Student: 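Handing you this structure, nothing more for now.
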Amino acid sequence: MNRGPTSPPAAEARPESPAGCVAEPLRDWIRTRTGISITDQNQAPVELAVRLEAERHGLDPARYLQRLLSGGLPPQAFIDAVATNESYFFRALEQMRVVVTRLIPERLARRPGQPVRILSLPCARGEEPFSLAILCEEHRIPPQSVQLVGGDISATCVADAGRGLYSPLALRRTDPELARRWFTPAGSRAWQLEPALLPRVELRRLNLLADAEVVLARRFDIVFCENLLIYFDAATTVDALAVLGRLLVPDGWLFVDHAEWNIPRGAFRMQEFDGCVGFRPLGAPAAGESASGPRTGRVADAPSRGASTPPPTRIPAPLPTRASGPAASPVSRPPPRAAPAVPLRGSALTTHLAQAQVHYRAKRFAEALRAFDAVLTADPGHPLARLGKARVLADCGEDFEALEIAESLLHGAAAGGLKLAPADQVEALVLMGLLLHKKGLKDLAQGYLREVKRHDPHHPSLGLLRPHRPGDADA
Ligand SMILES: C[S@@+](CC[C@H](N)C(=O)[O-])C[C@H]1O[C@@H](n2cnc3c(N)ncnc32)[C@H](O)[C@@H]1O
């Protein structure tokens, strides 16, 4: 998700209810322009985005919405603000590994001189296509043999991708040795991708549903469309799959996240290849990647699976890396999984929460995030885990995500659906105040800080609170 400031002070002072804010015309506007389906469950980020963009334009949210929906404001900034840009390097590692160890070499052998074309759409801030670029380098695949294109509807994301500057969280599943080879620290909380890799990915602002086909005007051997269909409703998913089908060569591969495996098949068939699952156009060779069949890998039509089925975990052996032999290769080891296979319960959950807090205090942010996420996988509403995750995100510069979580906690508490201890409520208010202040949205920040003062008149964050001025909203 993206940038920006946020809301007015406390819940009771909000000018618009969440339901009113994300009313049907706005939901339609978002669906028409992005495909994203807004429901009662995922409307909180939209509500936040409205407040942020309204403040940026110096308008109250109702007036801002009226101008946005009537075409009086350019749509891109709001589209950027509502799109969830969560991603990290090597997220789809099983699929990427099969791509670099099997699909690319076999295609190059079959079609000498013809590069293998790979599309990452959506690519968020470039984490996915640059992961592929790194793996290509590690597997000594020359740049001219692979064309990598990354596209995303968010102009901000595409611009960020072009800079190659990442927060530590983007590297949370990256093997430290690999990180050391391909990133250098940039300040205390950022990592710069090796600049020589930047030109390996052609970056475009693309809407899969509207302009991707026209802009790209070429077909791809492999398309990664991970973690996008999950935001679409059934009809939009069918439209998206039709576009993806036309973007693929007849014997191409489409990869989606395992949570999206239950997509309507239509013109695709699910196929397992060397421990990884992909989708193939119906006419693609049934018995493997090449006409002569696979060299060593297992290929089979995969049974239909539900969205909750975990992905295969077997990782094919790597080719030798440029820096070391296979045995020592950092990419030969699978990354730690985000959540334990068995859902956490009772004391295991408490232990994970305590571990997460220890990691956080020791500034081991990636480990802290993993532990908070493990708790949230077991109990998605867990207030302490949500607050802890918001703190980690804020410390790693993922301001909007942090704001979003803190805001939704306060919202839940104000609506009475969530029990938040007084100290945790103050913590969430402080987070809101500090993050908004940091983003230059000082008026909005003041509202939250006044609310902090009401609960804790001596809180250290109140150094940022300015004296009450006429026209300031009451806390
Ligand atoms: C959760 S990220 C997934 C990024 C990456 N593929 C991954 O799996 O980590 C979803 C991305 O989809 C983008 N997006 C949303 N609607 C889109 C559309 N219609 N066309 C292209 N990108 C879109 C968002 O901007 C966001 O960056």
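This is a predicted model, so every value here is computed, not measured. One-based numbering, in listed order, for ligands and for the atoms of each.
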Student: How far is atom 8 (O) of ligand 1 from the closest protein heavy atom, and which atom is that?
Tutor: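 Sorting protein heavy atoms by distance from atom 8 (O) of ligand 1 puts Asn227 ND2, 2.7 Å first.
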Student: Classify the ring geometry of His258 against Trp261: parallel below 30°, tilted from 30° to 60°, perpendicular beyond 60°.
Tutor: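 Because their plane-to-plane angle is over 60°, the rings of His258 and Trp261 count as perpendicular.
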Student: What do you reckon, does Cys157 have a nitrogen or oxygen under 3.5 Å from a nitrogen or oxygen of ligand 1?
Tutor: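 Between Cys157 and ligand 1, no N or O pair is found under 3.5 Å apart.
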Student: Using side chain to side chain donor-acceptor pair (under 3.5 Å), reason through Asn42 and Tyr231 one step at a time and then give a plain yes or no.
Tutor: CA-CA 9 Å; Asn42 67 354; Tyr231 297 102; over 6 Å; no
Student: Is Glu127 near ligand 1, meaning one of its heavy atoms is under 4.0 Å from it?
Tutor: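 False for this residue.
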Student: Do Ser87 and ligand 1 have an N or O pair less than 3.5 Å apart?
Tutor: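 In this structure, Ser87 places an N or O atom under 3.5 Å from an N or O of ligand 1.
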Student: Under 3.5 Å, is there a donor-acceptor pair between the side chain of Arg386 and the main chain of Pro383?
Tutor: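 Answer holds: no.
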Student: For Leu208, counting its heavy atoms only, list the atoms of ligand 1 lying under 4.0 Å from any of them.
Tutor: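 Counting from 1, the qualifying ligand atoms are 18 (C), 19 (N), 20 (N), 21 (C).
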Student: For ligand 1, which atoms, with element, lie under 4.0 Å from some heavy atom of Leu206?
Tutor: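 This gives 20 (N), 21 (C) as the contact atoms.
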Student: Could you name the option among Ile30, Thr84, Thr156 that has the heavy atom nearest to atom 2 (S) of ligand 1?
Tutor: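 Of the listed residues, Thr84 has the closest heavy atom.
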Student: If the threshold is 4.0 Å, N to carboxylate O, is there a salt bridge linking Asp175 and Arg181?
Tutor: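 Salt bridge absent between Asp175 and Arg181.
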Student: For the pair Asp221 and Arg107, find out whether any cationic side-chain nitrogen is under 4.0 Å from an anionic carboxylate oxygen.
Tutor: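 Salt bridge between Asp221 and Arg107, a charged N being under 4.0 Å from a carboxylate O: yes.
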Student: Could you check whether the rings of Phe130 and Tyr166 sit parallel, tilted or perpendicular, using 30° and 60° as the cut-offs?
Tutor: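 Plane angle over 60°, so perpendicular.
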Student: Quick check on contacts: which atoms of ligand 1 are under 4.0 angstrom from a heavy atom of Glu128?
Tutor: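 Heavy-atom distances to Glu128 below 4.0 Å select 5 (C), 6 (N), 7 (C), 8 (O).
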Student: Kindly confirm or rule out an N or O of Asp152 lying under 3.5 angstrom from an N or O of ligand 1.
Tutor: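 So ligand 1 has an N or O lying under 3.5 Å from an N or O of Asp152.
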Student: Say you draw a straight line from CG of Leu353 to CD of Gln355; how long is it, rounded to the nearest 0.5 Å?
Tutor: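 So the gap between those two atoms works out to 10.0 Å.
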Student: For atom 4 (C) of ligand 1, which candidate among Ala124, Pro129, Gly151, Ala92 provides the closest heavy atom?
Tutor: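 It is Ala124 that holds the nearest heavy atom.
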Student: Within ligand 1, which atoms have a heavy atom of Arg91 less than 4.0 Å away?
Tutor: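 It comes down to these atoms of ligand 1: 7 (C), 8 (O), 9 (O).
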Student: Going by an N to O cut-off under 4.0 Å, is there a salt bridge joining Arg31 and Glu24?
Tutor: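 Judged by the 4.0 Å cut-off on N to carboxylate O distance, Arg31 and Glu24 do form a salt bridge.
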Student: For atom 23 (C) of ligand 1, which protein heavy atom lies nearest, and how many Å away is it?
Tutor: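 Atom 23 (C) of ligand 1 sits closest to the protein heavy atom Ile153 CG2, 3.4 Å.
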Student: Relative to the heavy atoms of Thr34, which atoms of ligand 1 are at a distance of less than 4.0 Å?
Tutor: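 Once the distances to Thr34 are compared, the set is 16 (N), 18 (C), 19 (N).
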Student: Which of the numbered atoms in ligand 1 are under 4.0 angstrom from any heavy atom belonging to Asn207?
Tutor: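 Going through ligand 1 atom by atom, the ones under 4.0 Å from Asn207 are 18 (C), 19 (N), 20 (N).
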Student: Does Asp211 reach the main-chain N or O of Asn207 with its side chain, forming a donor-acceptor pair under 3.5 Å?
Tutor: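 Answer holds: yes.
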Student: Below 30° counts as parallel, above 60° as perpendicular, anything between as tilted: where do the rings of Phe78 and Tyr64 land?
Tutor: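 Correct class here is tilted.
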Student: Is it true that the NZ or CZ of Arg173 lies under 6.0 Å from the centre of Tyr88's six-membered ring and within 45 degrees of the ring axis?
Tutor: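 Yes.
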Student: For ligand 1, is there an N or O atom under 3.5 Å from any N or O atom of Leu228?
Tutor: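 It does not: no N or O of Leu228 is found under 3.5 Å from an N or O of ligand 1.
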Student: With only distance considered, is Ala83 within less than 3.5 Å of ligand 1 through an N or O on each side?
Tutor: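 Between Ala83 and ligand 1, no N or O pair is found under 3.5 Å apart.
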Student: Please list, in number order, the atoms of ligand 1 under 4.0 Å from a heavy atom of Glu226.
Tutor: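 So the atoms of ligand 1 that pass are 3 (C), 5 (C), 6 (N), 7 (C), 8 (O).
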Student: Which of the numbered atoms in ligand 1 are below 4.0 angstrom from a heavy atom of Glu86?
Tutor: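 What qualifies from ligand 1 is 1 (C), 2 (S), 3 (C), 9 (O).
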